[in-house]
Every structure is written in structure tokens, then in C-alpha cells.
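A quick write-up on the structure given underneath.
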Amino acid sequence: MEGSWIESSLINYRNFAFETAAYKGGISRYEDNELVTYEFLADAKTGTVLKISRV
């Protein structure tokens, strides 16, 4: 099933010296007739995508 989601609770994200609060979410979509899911972390203050990975 295609769709998207985002968790309402914040998590702490740290990458080397950079640390911020972030939201975890995901997107599912069809690529070449196959359902593919991506998960991401987005900065809670700016909305900037900090990390994305294909599951």
C-alpha cells in the first residue's frame, strides 16, 4: 500500500558534532511495479531531511 507516515514524538539525532531533535518518518511508493519503502529523519526546527534510506 502506498502512503507516508511521520511519528509525533521527537528523537535525538547526532552526527559527529552536530546534534538536533528530529522526527522519523517514511514513504512507500511503487517503482517498476514493486512497492519500495524509504525511511527518513527530518530536523524538527527546519524540516531539513537529515538522513534517508531505502528499506
Side-chain angles (χ1 to χ4, degrees):
M1 184 165 111
E2 288 180 302
S4 61
W5 57 272
I6 191 161
E7 293 182 7
S8 59
S9 56
L10 291 171
I11 62 169
N12 291 322
Y13 174 75
R14 184 173 183 176
N15 189 15
F16 300 104
F18 177 72
E19 188 171 355
T20 190
Y23 289 107
K24 183 178 181 181
I27 299 169
S28 295
R29 58 180 241 136
Y30 282 97
E31 295 178 4
D32 298 324
N33 294 322
E34 181 181 341
L35 187 62
V36 178
T37 302
Y38 295 90
E39 289 185 347
F40 63 85
L41 289 177
D43 187 292
K45 293 181 183 176
T46 65
T48 302
V49 175
L50 302 170
K51 184 177 180 182
I52 190 165
S53 58
R54 186 174 172 169
V55 180

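Sequential numbering from 1 along the given sequence is applied to the chain's residues.
- If you chain together hydrophobic residues whose side chains sit under 4.5 Å apart, Ile27 and Ile6 fall into the same group.
- Other residues, nucleotides and ligands place more than 12 heavy atoms under 6.0 Å from the CD atom of Glu19.
- Trp5 CH2 to Lys24 NZ: the interatomic distance, rounded to the nearest 0.5 Å, is 5.5 Å.
- Looking at every heavy atom in both residues, Leu50 comes nearest to Ala22 through CD1-CB, 4.0 Å.
- Ile52 and Ile11 are members of different hydrophobic clusters when ILVMFWY side chains are connected at heavy-atom separations under 4.5 Å.
- Contact detail for Met1 and Tyr30: the closest heavy-atom pair is N-OH, 4.3 Å.
- Shown here for Gly47 and Ala42, the closest heavy-atom pair between the two residues is O-CB, 4.2 Å.
- Within the 4.5 Å cutoff, side-chain heavy atoms of Leu10 are placed close to those of Tyr23.
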Self-check item: Tyr13/Asp43 under side-chain contact (heavy atoms from CB on, under 4.5 Å): CA gap, chis, key distance, verdict
Solution: CA-CA 9 Å; Tyr13 174 75; Asp43 187 292; over 6 Å; no
